[in-house]
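The shown structure was predicted, so the numbers you read here are calculated from the model rather than taken from an experiment.
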Amino acid sequence: MRSTVAFALAAVLVTAGCGADPAPSSPAPPPAATSSSAPAASGKSLASGEVLHSDNVTHVANVPPKAPLDGPQAWGTDLAFQGDHAFVGNFDGFTVFDISDPAKPGIVSQVLCPGEQNDVSVSGNLLFLSIDMPRGGPGCDDDEQADERGWEGIRIFDITDKAEPKFVSAVSTPCGSHTHTLVPGKTAETLYLYVSSPGPEPGNPTCPGPHDIFSVIEVPTGEPADAKVVSTPKISGGPGAAGAPGIGGCHDITAYPEKNLAAAACFGDGILLDITDRVNPTVLQHVSDKENFSIWHSATFNNDATKVVFGDELGGGMAATCDRNTPRTKGANAVYDLTEDRTLTLRGYFKIPREQQPDENCVAHNGSLIPVPGKDIMVQAWYQGGVSILDFTDSANPREIGFFERGPVEGLAGSWSAYYYNGHIYSSDITKGLDVLRIDDPLTDPAKTVKMEELNAQTQSAY
């Protein structure tokens, strides 16, 4: 992120300018109260560094930050997985871990390559990083450069040798790349990246308005140096769109290629996309929740693509929204049913039931499904609210079934991303490094039989 504060401010400005959506065809039910089958430790104040978790969650391992990715703002960000390896983004670069033994993750390599926020994804022998702060050029040794000559976008690395990743090339994108999503082409020879970025940003020469687009990068997998932007689809307009002329870009896009669908979390709206034509996605529906949502942050389909969970990053990740003074419907998740005719309908809300202290930044953030056949269960990061496991099989009554959290840390801290991969939960903690968790519960145990060769959480596949 360019800066979380600027990002949050931009969201407020853009959202304030949006008109109201037409009334839904049928009103959504009021949000149901959430409850947890796991001990919630209600009222317990944790000391700094103290760990608390539900009885069904085990803290398997932690690997703290190590030089050169351990500076004062070398914050841990997103994760991706391939085989026995985890790839962890960091504001100063990325780390490749060997996770063949989840209890003893080992560092294979670290790449010093500063660039906010270095969200990471992998496909085959390629690794991609999102850069959302203007720099003097695309190289890892280029410094920040906040003028019209600044570069930002996607960096591409060759990870054939995971002990020595090599920079290949880079692609500049309008307003940079806050996040990106891998979308496979019709053949293995082509890969697409859907690049999300907020904007416009007042006073930022690399991100002028209007900015109601995302970028599509086409990557020839055999010649990644030839990657280029091939389209910039508009997200304004379409069924249910707000009356204002344009949305301030998207924060995140989750694709479900097997269903030819994507769900975009954009400023002021959640957007359902048809991605049958990978280069030219079309808007199917806008949904809006101006009473409760501030920053539409991310989206997760259930396995059947009959539901979408949208998250609201109220306060841009900096605010303490998990206290008793913040309504249960703000800084939370909203669960939408998705019908066969591709219509989204709001069903309920979810927020972690564990109250956090007033100085702990806490809000809904990155998560993924736990692959339990016949159930809708996901794990999710909540910054200093920790890691939450929620069951949203009943759309109107989602509930927490397990959790892990630490005591308060001064400043921005906590779990940035938490994903389930081959029997374990991996959490990228902003300041504490990589955490490995395991959940042992009759509800989630069937997921242990599901094995994946690759996981980029924003690119969903059926299990």
Next item on the list: Over 60° means perpendicular and under 30° means parallel, so classify the ring planes of Trp416 and Tyr383, tilted if in between.
Entry: perpendicular
Check: Would you call the rings of Tyr421 and Phe81 parallel, tilted or perpendicular if under 30° counts as parallel and over 60° as perpendicular?
Finding: parallel
Next item on the list: Under the salt bridge (Lys or Arg N to Asp or Glu O under 4.0 Å) rule, collect the residues that match up with Lys228, sequence neighbours excluded.
Entry: none
Would you call [X] and [Y] a salt bridge, taking side-chain N to carboxylate O under 4.0 Å as the test?
| X | Y | value |
| --- | --- | --- |
| Arg135 | Asp142 | no |
| Asp101 | Lys104 | no |
| Arg406 | Asp435 | yes |
| Asp98 | Lys162 | no |
| Asp304 | Lys259 | no |

For [X] and [Y], does a side-chain donor sit closer than 3.5 Å to a side-chain acceptor?
| X | Y | result |
| --- | --- | --- |
| His180 | Ser196 | no |
| Gln117 | Asp119 | yes |
| His365 | Gln380 | no |

Next item on the list: Show the numbers, then the answer: is there a salt bridge (Lys or Arg N to Asp or Glu O under 4.0 Å) between Arg342 and Asp274?
Entry: CA-CA 9 Å; Arg342 296 181 165 186; Asp274 184 323; 2.8 Å; yes
Note to self: Go through it in stages, so that I can follow the logic: the residues are Asp312 and Lys351, the test is salt bridge (Lys or Arg N to Asp or Glu O under 4.0 Å), and I'd like the CA-CA distance, side-chain angles, deciding distance and then a yes or no.
What the structure shows: CA-CA 10 Å; Asp312 172 31; Lys351 193 171 186 179; over 6 Å; no
Note to self: Using side chain to side chain donor-acceptor pair (under 3.5 Å), reason through Thr393 and Asp391 one step at a time and then give a plain yes or no.
What the structure shows: CA-CA 6 Å; Thr393 306; Asp391 182 346; 2.6 Å; yes
Note to self: Evaluate Tyr349 against Asp289 for side chain to side chain donor-acceptor pair (under 3.5 Å), listing each step before the verdict.
What the structure shows: CA-CA 12 Å; Tyr349 294 90; Asp289 186 351; 2.5 Å; yes
Next item on the list: Check step by step if salt bridge (Lys or Arg N to Asp or Glu O under 4.0 Å) holds for Asp158 and Lys166.
Entry: CA-CA 5 Å; Asp158 186 319; Lys166 292 181 171 57; over 6 Å; no
Next item on the list: Test Leu434 against Val88 for side-chain contact (heavy atoms from CB on, under 4.5 Å), laying out the working first.
Entry: CA-CA 8 Å; Leu434 177 68; Val88 183; 4.3 Å; yes
Margin query: Apply side-chain contact (heavy atoms from CB on, under 4.5 Å) to residues Lys307 and Asp376 and explain how you reach the verdict.
Written below: CA-CA 9 Å; Lys307 299 173 188 174; Asp376 300 325; 2.7 Å; yes
Check: Within the side chain of Thr95, is there an N or O that forms a donor-acceptor pair under 3.5 Å with the backbone of Gln110?
Finding: no
Item checked: Side-chain heavy-atom pair Phe350, Glu400 within 4.5 angstrom cut-off -> yes
